[in-house]
Colleague: 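Structure in structure tokens, see below.
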Amino acid sequence: MLRIHNSLTKKKEVFKPIEPGKIKMYVCGMTVYDLCHLGHARVLVVFDTVTRYLRYSGYDVTYVRNITDIDDKIINRANENAEDYSELTERFIRAMHEDAAELGVLPPDEEPRATASMQQIIDMVKALLDKGFAYTAQSDDGQSMVQGDVYYDVSAFENYGKLSGKKLDELRAGERVAVDENKDDPLDFVLWKAAKPGEPSWDSPWGKGRPGWHIECSAMSTCCLGNHFDIHGGGQDLQFPHHENEIAQSEAATGEPFVNLWMHNGFVRINDEKMSKSLNNFFTVREILKLYKGEEIRYFVLASHYRSPLNYSDQLLDNARTALSRLYNTLRGLQVPEDYDENDPAIEKFRQAMDDDFNTPEALAVLFDLAGQVNRLRTDDLDATLQKAAVLKKLANVLGLLEADAEQFLQTGAGEDTDEDKINALIEARKLARENKDWAEADRIRSELDAMGIVVEDKDGKTAWRRS
RNA sequence: GGCGAGUUAGGAAAGCGGUUAUCCAGAUGAUUGCAAAUCAUUUUAGGCCGGUUCGACUCCGGCACUCGCCUCCA
């Protein structure tokens, strides 16, 4: 029985899809004006793992993750670079896809882009105007004031604040909301923004302009998944105002409930502080990939529960590396069969862990228990060893781990190339020395390899090597 | 100020009202020419103060501290 924490009710709930056997899930993706940092990596990995597990559990999942490819930051960055905004976004979309692949993140079923969804966005803004949830307002187009902006009227939506637990009065009492004279209420937010000269723009009934940030997700999600769907996810920082506004827009426009279950992953932190662009304390995925493999980063992310804060440090990545090596060491040298025993008790434990709000740390513990069993069995019962190993590999694969060949994984470093010829030559030389019982020479070669970051292991009459 | 989350051993991180979480690090033993890998055993816990209970890390109350949201953010 799958239970998931719902941000809307702040409780774990038994999950029940709208349509039996099917799950429709939307996750807010990147705004593509820069490289992905570790916080983005967490969203990618977490919801990829959720999707993989839901599919493993037998659900037919439609996973949609959007790309925000037009907004103020993109325009500003393109201006700074003196390049067309679409060149900028194409570049970072490509980079994002590369990073995702390195992290073992499968592509979503659909990846809608804001700029390719203008008709749906305009239709939704129209619907909101028609139903009295929005109003047009004056805007400075660079030359004169025109009636080119459209705002959402938060006071018209009675449940505003239900996701974030905020009340309109309390929000107004806060002094952090910038006062904009064109708005009726400081909390109203823009649906359609009139273009200034030279800005990228799209035709609309309100003149040339571009969508506000929140409306695109309402439009793209309902467009791909229908007015009412099962799960909507994203980082915790999107809960307010972004997701709150999505609910207000979608439910007002369609008159239907929007999303049954909201999932929010916790932040990545560094020195007990949120990692973010604005604090400028972020590490990009690419920087980390120079030192650690994508799968090591993935393991690091999954070693904490998705709703907990995740602290970043080199030591923790080192820890993830060693832990993952233990699993790969276990599979090393085994011809693990595809078929596995579905009645293995570990599978039930694994499912219980994952069914409990995707408890990946607990699920990893099950993998390590299996690894222990495999290592104990392998000295005298190859058949049983392979059976357990098959279960281990299968369950790890559900988490997007242990998909690589063990030997290859252990012999590949992050970033740099391996000079295999040199390594093999040294190992051959050491083999000769050992045959002659010249232990001094054998050990000298071993320390030479060690200095190269190579560990040699003599077992079963053969010498294997791996990266340290 | 409003709202929310958290505080577990040397580090990380879970479950659980009484039985070994797990991973990394450390110790000892087995194995090894010596190592590595692996196995076995093992040392460090539950912010503080009360309460409930035969029994609390686990439930309840208070306090302290940390973090987040309330503005763009994954």
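Residue numbers start from 1 in every chain, and the chains themselves are labelled A, B, ... in the order their sequence lines are given, proteins ahead of strands.
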Colleague: Below 3.5 Å, does any donor atom in the side chain of A:Arg269 face an acceptor in the base of B:rG68, or the other way round?
Modeller: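 Side chain to base: no pair below 3.5 Å.
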
Colleague: Among all residues two or more places apart in sequence or in another chain, which pass the side-chain hydrogen bond (donor to acceptor under 3.5 Å, both in side chains) test with A:Asn81?
Modeller: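 Expected list: A:Glu83.
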
Colleague: Not counting sequence neighbours, which residues clear ring pair (Phe, Tyr, Trp, His ring centres under 6.0 Å) with A:His214? List them please.
Modeller: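 A:His214 satisfies ring pair (Phe, Tyr, Trp, His ring centres under 6.0 Å) with A:Phe189, A:His242 only.
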
Colleague: Please name all residues satisfying salt bridge (Lys or Arg N to Asp or Glu O under 4.0 Å) with A:Asp314, sequence neighbours left out, ordered by chain then number.
Modeller: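 For A:Asp314 there are no salt bridge (Lys or Arg N to Asp or Glu O under 4.0 Å) partners, ignoring immediate neighbours.
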
Colleague: Is A:Val268 touching bases, backbone alone, or none of the nucleic acid, heavy atoms closer than 4.0 Å?
Modeller: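 Answer is base: heavy atoms of A:Val268 come under 4.0 Å of a base.
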
Colleague: Using the 3.5 Å cut-off, write out each protein N or O paired with an N or O of nucleotides 12-14 of chain B and the distance between them.
Modeller:
from: B:rA14; atom 1: OP1; to: A:His305; atom 2: N; distance (Å): 2.7
from: B:rA14; atom 1: OP1; to: A:Ser308; atom 2: OG; distance (Å): 3.4
from: B:rA14; atom 1: O3'; to: A:Asn359; atom 2: ND2; distance (Å): 3.3
from: B:rA14; atom 1: O2'; to: A:Asn359; atom 2: ND2; distance (Å): 3.4
from: B:rA14; atom 1: O2'; to: A:Glu362; atom 2: OE1; distance (Å): 2.4

Colleague: Quick test of your reading: applying salt bridge (Lys or Arg N to Asp or Glu O under 4.0 Å), list the pairs with at least one residue in residues 40-51 of chain A, sequence neighbours left out, ordered by first then second residue.
Modeller: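 Salt bridge (Lys or Arg N to Asp or Glu O under 4.0 Å) check on residues 40-51 of chain A returns A:Asp48-A:Arg52, A:Asp48-A:Arg298.
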
Colleague: Think A:Lys274 has a side-chain N or O under 4.0 angstrom from the OP1 or OP2 of B:rC69?
Modeller: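 Answer yes for this pair, as a side-chain N or O of A:Lys274 is under 4.0 Å from OP1 or OP2.
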
Colleague: In whole Å, what separates the P atom of B:rG10 from that of B:rU43?
Modeller: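 The answer is 14 Å between these two P atoms.
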
Colleague: Rounded to the nearest 0.5 Å, how far does OH of A:Tyr63 lie from CD of A:Glu111?
Modeller: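 Spacing of CD (A:Glu111) from OH (A:Tyr63) equals 9.0 Å.
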
Colleague: Just grab all the ring-ring contact (aromatic ring centres under 6.0 Å, His included) pairs involving residues 23-47 of chain A, residues at least two apart or on different chains.
Modeller: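 Sorted result for residues 23-47 of chain A: A:Tyr26-A:His232, A:His37-A:His40, A:His37-A:Phe282.
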
Colleague: Applying salt bridge (Lys or Arg N to Asp or Glu O under 4.0 Å), name anything that partners A:Arg326, two or more places apart in sequence or on another chain.
Modeller: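 Listed in chain order: nothing, the list is empty.
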
Colleague: Under a 4.0 Å threshold between the charged nitrogen and the carboxylate oxygen, would A:Asp381 count as salt-bridged to A:Lys388?
Modeller: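 Salt bridge flag = no for A:Asp381 with A:Lys388.
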
Colleague: Do A:Lys73 and B:rC72 share a donor-acceptor pair, side chain to base, under 3.5 Å?
Modeller: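 Checked by distance alone, the answer is yes.
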
Colleague: Where the side chain of A:Asp272 is concerned, which of B:rC67, B:rG2, B:rA74 is the nearest nucleotide?
Modeller: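 Nucleotide nearest to A:Asp272's side chain: B:rC67.
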
Colleague: Between the side chains of A:Tyr85 and A:Asp69, does any donor sit under 3.5 Å from an acceptor?
Modeller: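 No, no side-chain donor-acceptor pair sits under 3.5 Å.
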
Colleague: Is there a donor on the side chain of A:Asp443 or the base of B:rG33 sitting less than 3.5 Å from an acceptor on the other?
Modeller: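 Under the 3.5 Å cut-off, the side chain and the base do form a donor-acceptor pair.
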
Colleague: Who pairs with A:Glu80 by salt bridge (Lys or Arg N to Asp or Glu O under 4.0 Å), at least two apart in sequence or on another chain?
Modeller: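 With neighbours one apart ignored, the set is A:Arg77.
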
Colleague: Just by modelled atom types, is the A:Leu401 backbone N or O under 3.5 Å from a matching donor or acceptor in the A:Glu295 side chain?
Modeller: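 It does not hold such a pair.
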
Colleague: Base, sugar-phosphate, or nothing for A:Lys437, non-hydrogen atoms under 4.0 angstrom?
Modeller: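 Counting heavy atoms under 4.0 Å across all strands, no contact is made by A:Lys437.
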
Colleague: List in chain and number order the residues that pass salt bridge (Lys or Arg N to Asp or Glu O under 4.0 Å) with A:Asp356, two or more places apart in sequence or in another chain; answer none if no residue qualifies.
Modeller: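 Counting only residues at least two positions away or on another chain, A:Asp356 forms a salt bridge (Lys or Arg N to Asp or Glu O under 4.0 Å) with A:Lys12.
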
Colleague: Identify whether any heavy atom of A:Gly29 sits under 4.0 Å from a base atom; if not, whether one sits that close to sugar-phosphate; answer base, sugar-phosphate or nothing.
Modeller: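 Result for A:Gly29 = sugar-phosphate.
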
Colleague: In dot-bracket notation, what is the pairing pattern of RNA chain B, taking Watson-Crick (N1-N3 plus N6-O4 or O6-N4) and G-U wobble (N1-O2 and O6-N3) contacts under 3.5 Å, with [ ] crossing and | for other strands?
Modeller: (((((((..(((.....[...))).(((((.......)))))....(((((..]....))))))))))))....

Colleague: Nucleotides 25-29 of chain B: which of its N/O atoms have a protein N/O under 3.5 Å away?
Modeller:
none

Colleague: Scan nucleotides 35-48 of chain B nucleotide by nucleotide, 5' to 3', and note B when protein non-hydrogen atoms come under 4.0 Å of the base, S if they reach only the sugar-phosphate, - if neither.
Modeller: BBSSSS--------

